[in-house]
Every structure is written in structure tokens, then in C-alpha cells.
Amino acid sequence: MKQVYLKFYCVQPISFRRDDLRRIILSKANIGTVKKFAANDATMPKWLKRFHNLYRIFSSFFIIPLDNVASGPLIAQLEEQFLVDGKLALAPHLMPSEVNAYLIYDFRLMYFNLIYELGFEFSWETIAPFLHVNPEATVKLDLYNTVRSLLVKETDASVPAAWTIAIQNTVREKIHGILKTAYHCECEPQAMRILNNTGNITIVITQTGLSDEQYHDLTTGFIALNNAAERLRDYSEPLYLSDDQIYHFNGRFHTIVMKDPIDRYRYIPIQFHIQFMWFYLNRINEIMERLNNEIIGDDTLKNLEFQNRFIDVVIHKVEILSLHNANFKTAIEADNERVYKQISPKWNVEQLLRTSNRYVAFFKDYLQRMYSRKTSQTEQRQNIILAFISILQLVALISVWNDYLSLLNQDNIDKANELLVLFSRFEYLRIFNILSPLLILFLIAGVFLYFRKK
């Protein structure tokens, strides 16, 4: 029997407002409590479970179970609302067992991702109309864009499927519960956002029973459809990994075609990893830009001290990401050369990682130098204030001494004869009063020179 199977994957990062993001990053992780929210291994995505069992690369990832991913509501919306070319229904081809959504959480990076999986089954006779390309269309309603509009809010005016919105609301509630319970971090669900135009689509195409000619026609049709669905034409060329494997890493859509279904989970980890890296590095860069703006607006010692502590945490996150990236490339072995090194430059991932590492280190040094200058300026101001206080104290001492000397007239001396017990004559007392300040000054200067010499 000639069958064609399509599996759509969509990865969406969860974004937070600036202040909430900072509190989350600085929060202390209670891993034991987080594990109570996580699902068991049986509910992990098949590609993630297989890759994890082989290489233990995603050991810090928790799968948070979602409750409302049943395909029933989705089927109704596919029949009525999301029609390919405005007329072709996907509902009869949907495979309910292949409809899933997962919330994936990396506790090292404090990073949440929502992943959708949608599976469709077509006979050879029914797949052809869904590969139709209309180059004249101003609004793209092809298969790729129809599925994307189902899952992704393109603009403020776009409305994804009610099934998608319900899942996103559940995700917000789940994250809110995790942050409140495990991290004692209060973050309202409304503050958790999936930004517009966020969510690239990967389509994995497998088949059974097709002849070589039919397989060639199928592959050619999907590559042409992928290119037509993109905003930019001629974005990239497909990678022909073998006679029966084609990997087309494009812009918003990516197509992987293979004859042997055994390889269906081989490339999804690469797709997930490169999007995971790209999303997180962009978030780091956004944080650094905001930190820079905050320093320009407020360079007080208190703010600099706080930013110094915060940048240490950011540097730690980037180093963890670098280590994760290195371990992943080692794990995928030959596919690192065949696939990853071919597609990562298209999204500038490796260069973005190096730039982020370099910039956070520079910014840390910049903050420390600014803090040192501020501290030095503060100390200089304190020294000036202390010198001024010393002058005031000396003036006060001179004033007191002057008052004391004004008491030493003959009338007062006659009233205080007991003072003369120490001095045989009044003139000796007057000489003592005049020389005493000079003797004190010489004593202070001598002590100062002695310690300076030592």
C-alpha cells in the first residue's frame, strides 16, 4: 500500500518580561520540587527519549505534562477553519495518536520551550492536491503556511487555533505553578509570552510502497512547496545526504525526506538543538542590551554592585550553553560534519555563541572597571570631607585655646592662685601656653616622619 506520512514539529520558546526574567534567572533551583511537576520517561517525545538514552545529552531537561492535547477539538477546527488553499481539509488525514504537545524545561538555564507534534497520513492518490503551489497568491494558504497559522501567531491580527490557545494557557499555568512552588518566584501567567512570528516548522516525510520515480516526484514536490512557502525565495539549497535522504534547512520551514523510517528520529534532535541555541542566545543578547541601557541610566554604586552579581549568573549560563553545544556536537558524531556544520551558519549559531561569550566577559570587565572608578571617586570625596572636618576641628581647637589664653590675665590669675602651684612665676605659665601648640605640632610631625620612614 502506497502511503505518505507527514510529521510536523514546531518549537516555541517562552518569553518573560524583563523584571520577571531577571528574578527567574537569579532564583535558586529546588530540583526535588521541580521533579514533582515532571512527567515520567514514558511520556517524553520519542526522539528526545531515544537521543537521551543513547547520549545523556538532555539529562537536565524535564518534560512537564500537559492535560488538554487531545485531538478531538483540533479535528473540528481543521474541518471548518484551517483549510489548505482555502478548500482542502486536513482533518481526514490527521493521526490522533501522533498529536502531542510538550512543555520542556531546562533547569540549568531556566529555560522553557513548548513543542507541538502533528502527524498526518495520506495515500499516494490524495497527497498531490496538497502539494499545489500558487506563485500568484498574495496570501499564502499552502500546506506549510496552513499548519503554521494553526500553531503560530504571526501578527497581532492573527488568531491561531483555539486548540493551540488552550494549550498555551495551560503552559502558562504550569510555569506559574513551578516558579511559585519550586523557586518562590511570583510571576503572573499573563507575563509569560509566546512572541509573534515565533515557531519554525520542521516537516519529516516518510513513505511506504512508493516506487523510485514516485519517491523522486514526492521529494521534488515538497522541496518546491517549501521554497514557495518561504517569504524569501532561494533561501538555501537542500542537502542531499544520500540517494534517499534530503535535508532542506530553510527559513521558517524545514523539510526532511527519507525512504527509511528508521531515521525519522535521527535529525529532529539537531533541529531542536539549533533552534534551542538560537532562541536562547538571542535572549542573552537582549538581556545584555538591557543591562547596558540600565547602566547608562543609573551608574550608582548600588546598581553597579547588583549588575556585577547578575552578570556573573549570565556568564555562568552562557558557559553552560557552550558546554551543552560542545557535548551535543560530539554526540551526533558523523552528522556533525554532514548536517550540523552545514546548517548552523545559516542561522549564525556558532558565531552568535562566540560573540555572546566574548561580550559577556567584556561587559563583566567593564562593570568592574566602572565600579573601581566609582569607588575611587567616592573615596576621594570622603578624603576631602575628612580633611574639611579635620580643618574644622583644628579651627575649633584654636578657638578653644584662644579662649583659654584670654583667661590668663592678672585678675583671673589672682582668682586662680592654685594654677601657680605648678609654675613659680606667671611669666613661666605664659611661655608654656605659647610653646605648647608648637611642641604638639613638632611631636605629630616627628611621629609621622618616623612611621613614613619605616
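In this structure, the separation between CD on Q214 and CD1 on I127 is 12.5 Å, given to the nearest 0.5 Å. Remark: M44 CE to H52 NE2 distance equals 5.5 Å, nearest 0.5 Å. Once rounded to the nearest 0.5 Å, the distance linking CG of L83 with OG1 of T146 reads 8.0 Å. How far CG of N327 is from OH of Y55: 13.0 Å, rounded to the nearest 0.5 Å. For the atom pair CD of E350 and OG of S322, the computed distance is 9.0 Å after rounding to the nearest 0.5 Å. To the nearest 0.5 Å, atom CG of residue D244 and atom NZ of residue K259 are 6.0 Å apart.
Around the CG atom of D212, the shell of radius 6.0 Å holds no more than 12 heavy atoms that belong to other residues, nucleotides or ligands.
Q3 and Q207 form no side-chain donor-acceptor contact under 3.5 Å, judged by distance and modelled atom types alone. For the residue pair Q351/T355, the side-chain donor-acceptor check at 3.5 Å is satisfied. Between the side chains of R148 and N197, at least one donor N or O sits under 3.5 Å from an acceptor N or O. A donor-acceptor pair shorter than 3.5 Å cannot be found between the side chains of Q271 and N200. Checked by atom type, the side-chain pair R354/N357 shows no donor-acceptor distance below 3.5 Å. A donor-acceptor pair shorter than 3.5 Å cannot be found between the side chains of S15 and R193. Side chain to side chain, N250 and T255 fail the donor-acceptor criterion of an N or O pair below 3.5 Å. Under the 3.5 Å distance criterion, with hydrogens and angles disregarded, a donor-acceptor pair is assigned to the side chains of D263 and Q245. D106 and S60 share a side-chain donor-acceptor pair at under 3.5 Å.
Taking the six-membered ring for Trp and the full ring otherwise, Y111 and F276 have centroids separated by under 6.0 Å. Aromatic ring centroids of F222 and H248 lie 6.0 Å or more apart. Between F62 and F37, a ring centre-to-centre spacing not shorter than 6.0 Å is recorded. Remark: aromatic rings of F58 and F51 are close, center separation under 6.0 Å. Ring pair Y247/Y240: centre-to-centre distance not below 6.0 Å. Aromatic ring centres of Y267 and Y9 lie farther apart than the 6.0 Å criterion allows.
Between I205 and I256, every side-chain heavy-atom pair lies at or beyond the 4.5 Å cut-off. When side chains are defined from C-beta on, Y280 counts as touching K317, because their heavy atoms get closer than 4.5 Å. No side-chain heavy atom of E98 sits less than 4.5 Å from a side-chain heavy atom of E117. Looking at V4 and L210, their side chains come closer than 4.5 Å, going by heavy atoms from C-beta outward. Counting heavy atoms from C-beta on, the side chains of H254 and I203 never come closer than 4.5 Å. Counting only heavy atoms from C-beta outward, the side chains of W278 and Q275 never approach each other to under 4.5 Å. I64 has its side chain out of reach of I104: every pair of non-hydrogen atoms, C-beta onward, lies at least 4.5 Å apart.
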R338 vs L241, test: side chain to side chain contact (heavy atoms under 4.5 Å, CB included). Steps then yes/no. CA-CA 7 Å; R338 296 172 68 245; L241 303 179; 3.2 Å; yes
Please determine whether side chain to side chain contact (heavy atoms under 4.5 Å, CB included) holds for the pair V84 and L141, giving the CA-CA distance in whole Å, both sets of side-chain angles, and the decisive distance to 0.1 Å. CA-CA 6 Å; V84 177; L141 300 175; over 6 Å; no
Evaluate ring pair (Phe, Tyr, Trp, His ring centres under 6.0 Å) for Y116 paired with Y102, printing each intermediate quantity in order. CA-CA 7 Å; Y116 304 97; Y102 305 94; over 10 Å; no
Quick one, I274 with S344, criterion side chain to side chain contact (heavy atoms under 4.5 Å, CB included). Give me CA distance, side-chain angles, the key distance, then yes/no. CA-CA 7 Å; I274 201 167; S344 61; 3.9 Å; yes
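Within the 3.5 Å criterion, the main-chain N or O of G177 finds a donor-acceptor partner in the side chain of T181. One N or O on the side chain of T219 and one on the backbone of Y215 form a donor-acceptor pair closer than 3.5 Å. With hydrogens and angles disregarded, no donor-acceptor distance shorter than 3.5 Å links the side chain of N336 to the backbone of I332. Within the 3.5 Å criterion, the main-chain N or O of F122 finds no donor-acceptor partner in the side chain of T126. T170 places no side-chain N or O within 3.5 Å of a backbone atom of L66 that could act as its donor or acceptor partner. With K153 contributing its side chain and D156 its backbone, the two residues share a donor-acceptor pair below 3.5 Å.
Partner L74 forms a side chain to side chain contact (heavy atoms under 4.5 Å, CB included) with one of V69, L118, L90 and no other, that one being L118.
Using a cutoff of 4.0 Å between basic side-chain nitrogens and carboxylate oxygens, D312 and R309 are not scored as salt-bridged. Salt bridge E121/K7: absent, no basic N to carboxylate O contact under 4.0 Å. Ion pairing between a basic and an acidic side chain is recognised when a charged N comes within 4.0 Å of a carboxylate O; K140 and D142 show no such pairing.
Listed by chain and number, the residues in a ring pair (Phe, Tyr, Trp, His ring centres under 6.0 Å) with F112 are Y105 (sequence neighbours excluded). Partners of H273 according to the ring pair (Phe, Tyr, Trp, His ring centres under 6.0 Å) rule, which considers only residues two or more places apart in sequence or in another chain, are H324, F328, Y340.
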